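In what follows, chains carry the letters A, B, and so on, assigned in the order in which the sequence lines appear, proteins first and then strands, with residues in each chain numbered from 1. These figures come from a predicted structure and were not determined experimentally.
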Amino acid sequence: MEKRVVFNGRLLPYLLLAPQLVITLVFFYWPAGQAVLQSFLVQDAFGLSTEFVWFENYQVLFSKPEYYKSMVTTAIFSSLVAFFSLSIALLLAVQADRHIKFAAGYKTLLIWPYAVAPAVAGVLWLFMFQPSLGLVSQAIRVAGFEWNPLLRQDHAMTLVVMSATWKQISYNFLFFLAGLQAIPKSVIEAAAIDGARPARRFWTIIFPLLSPTTFFLLVVNVVYVFFDTFGIIDAATQGGPAKGTETMVYKVYSDGRSGGDLGGSAAQSVVLMVIVIALTAIQFRYVERKVQY
Amino acid sequence: MKFDRRSLLGAAVLAASLGAAPAQAQTEIQWWHAMTGANNDVIVRLAEEFNASQKDYKVVPAYKGSYADTLNAGIAAFRAGNAPHILQVFEVGTATMMGARGAIKPVQDMMKEAGETFDPKAYLPAITGYYSTTKGEMLSFPFNSSSAVMWINKDKFRQAGLNPDQPPKTWPEVFEAAKKLKAVSPTCGFSTAWITWVNIEQLGAWHNTPLGTKANGMDGFDTQFQINAPLFVRHLQNLMDLQKDRTFDYSGRTNTGEGRFTSGECPIFMTSSAFFGNVRANAKFDWGNTVLPYYPDVAGAPQNSIIGGASLWVMGGKKADEYKGVAKFFTFLSNVDRQVKLHTESGYLPITKAAYEKVKASGFYTQNPHLETPLLQLNNKEPTENSRGLRFGSLVQIRDIWAEEYEAALTGKKTAKEALDAAVSRGNDMLRQFERTVSR
């Protein structure tokens, strides 16, 4: 009497995998393949004339100083956002991990901004910081500071970094809080009994034990800054002033959409794809080794 | 990844039933547009009136987002083989549409083939010139047109001891007035929306100075920019000098800064004449508008200004019967009384000479002089090849490039000449890219 159910052949496992495979192929590999193909073409917006040019789009791209500038902008923007969103979220999570009154309400409020769409976040911050009509900027001006993100690149960068950071803090907070709660209390108590003060307990015990979470968040945050901040930049600064906040992903959009340069835009997105794949690989291969699980 | 099967199914059923709904007898005309608010109501009302006026055709308007979104939606739909019949495209997209000869149906040809009476001379040349070939063949149908004008806050003028009934006429007078106005509005003497449209494109036409070779691109896509000519450098230099103490204060690339006029912050503001509806609704002070200023030492200034706004393009590859419906709709739009009503109610410029004459004769402008300002400016002189219009490919993005250079100059990162030289060379790169894709 054989009671075990045995599936013969390979059909069923493939069938069970099929939906996921189809989604991956249709929504990820196919568009990615299209982008690679498009990057070898010079084409008008309507697709009426097409010329296969091999790597010319890439050559043009890398001969332009603007492209390197957008790389630098992206590097500055992503390090600032990743640093601030991770450190502020960690600070808040450590505070929330204590026994405080209204902890549940406090946590819920902190998670809220994550539900806000990036474009809405951009508009919200723009309302507060728009040079002449924004509420906060009026206050800043009264205080005697010339706040002008329309013309000052550093001010515009501050504006988009603030909104992108604000948006990402909730997500990081959630993971940090879960990570903190997973740390065995006995270890911390033991350290406390040995006379370690809170700051020392944090840096020698909590922070290292939290490193898998931190590492995971670092990867997620970098990908977030590279791609998902597009809406914020579009709503708040449109990449301006004078390309001061034009990140690589924003440049893909403005060249392809307003410029109608599909080939150049596709070449940029392929470069972007390679960069993100490389960054993630480096992070997993080298950074992960130093992470203590 | 999760899908809600019920809603998917529901959507499929809904789509199927919608697809089956239209009656066989009527031919549908799809009209994609970018109008919101009161302007959207105008579009819906026009479609309803047309549909009620006859039984064979049904115009179906659909809002597709901003001007750039609508253009891109039209292009994407064309690539997918289901373009709308009528696509509203803003004036800077004109060369893009014109370059796609295989994707469009010239309005003049369509009207002729459909047997509609159509006289291109019946339309105001300052408006249709922008949308016509050099031979005068009308390619698209002007719909909502405007021009840049100078809006003034009369209350602030009085407070500063200036006479609002004699507003500044020349740029030096504007600068002087703005310096005085700074006493009553310290953060902004004067400003402009659409920084490049007002300070480069309109400036060139108004001073009969070309922006580019080949009659501003009208005579061929192998055009080169000339916006580093002395007029443009001098003007930018003046703005740079005045930006230092905010006698001039930058308000961004698009019209998002227009609120600075209606809020009372900027007493002189140059932007579209279509700003009228907004000013009427929101300005809580005595206001008015007047023609754009000019530099009196430039020979021939003021010439005439050029239009902004959008026109209706007919997409190619449709059935003859459908074109007949589009042609009937355009005839309907050109009707004198309808144009008069559109103009006086919405503030759009009338597109036919007859409509303009009729409104003029009715004495409407004595009570509403601000609606005539853009027309006086557009018709100031017979357009020359420098002031008929612009035909530069990729102008949407070139405007951004110019704005970037303007921003770099206004923040002191570049001199006026350096910024405009860069604007020329970077703009030319875009033109060459465009020329390459259209000329094959």
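- Using cut-offs of 30° and 60° on the angle between ring planes, the pair B:Trp197 and B:Trp194 is perpendicular.
- A:Val276 places a side-chain heavy atom less than 4.5 Å from the side chain of A:Val223.
- With a threshold of 4.5 angstrom between heavy atoms, B:Arg399 does not approach chain A through any atom at all.
- Heavy-atom distances place the side chain of B:Phe78, and not its backbone, under 4.5 Å from chain A.
- For the residue pair A:Thr245 and A:Thr237, a side-chain donor N or O sits within less than 3.5 Å of a side-chain acceptor on the partner.
- Counted within 6.0 Å of CZ on B:Phe285, heavy atoms from surrounding residues, nucleotides or ligands total more than 12; the atom is thus considered enclosed.
- Using a 4.5 Å cut-off between heavy atoms, A:Leu262 contacts chain B through its side chain alone, with no backbone atom that close.
- If you tally non-hydrogen atom pairs under 4.5 Å between each of A:Glu56, A:Lys64, A:Arg152 and chain B, the highest count goes to A:Glu56.
- Proximity to chain A (any heavy atom under 4.5 Å) is shown, for B:Thr96, by both the backbone and the side chain.
- Judged purely by distance below 3.5 Å, without hydrogens or angles, the side chains of A:Thr50 and A:Gln43 pair a donor atom with an acceptor atom.
- Within the 4.5 angstrom heavy-atom criterion, only side-chain atoms of A:Glu66, from C-beta onward, approach chain B.
- Between A:Trp30 and A:Phe28, the gap from one ring centroid to the other reaches at least 6.0 Å.
- Your options are B:Met430, B:Glu405, B:Arg101, B:Gln433, and the one with the most heavy-atom pairs under 4.5 Å with chain A is B:Gln433.
- Residues B:Arg260 and B:Asp249 are paired through a salt bridge, judged by an N-O separation under 4.0 Å between the basic side chain and the carboxylate.
- Your options are B:Leu395, B:Asp69, B:Leu71, and the one with the most heavy-atom pairs under 4.5 Å with chain A is B:Asp69.
- Of the two parts of B:Gln243, only the side chain, counted from C-beta on, holds a non-hydrogen atom closer than 4.5 Å to a non-hydrogen atom of chain A.
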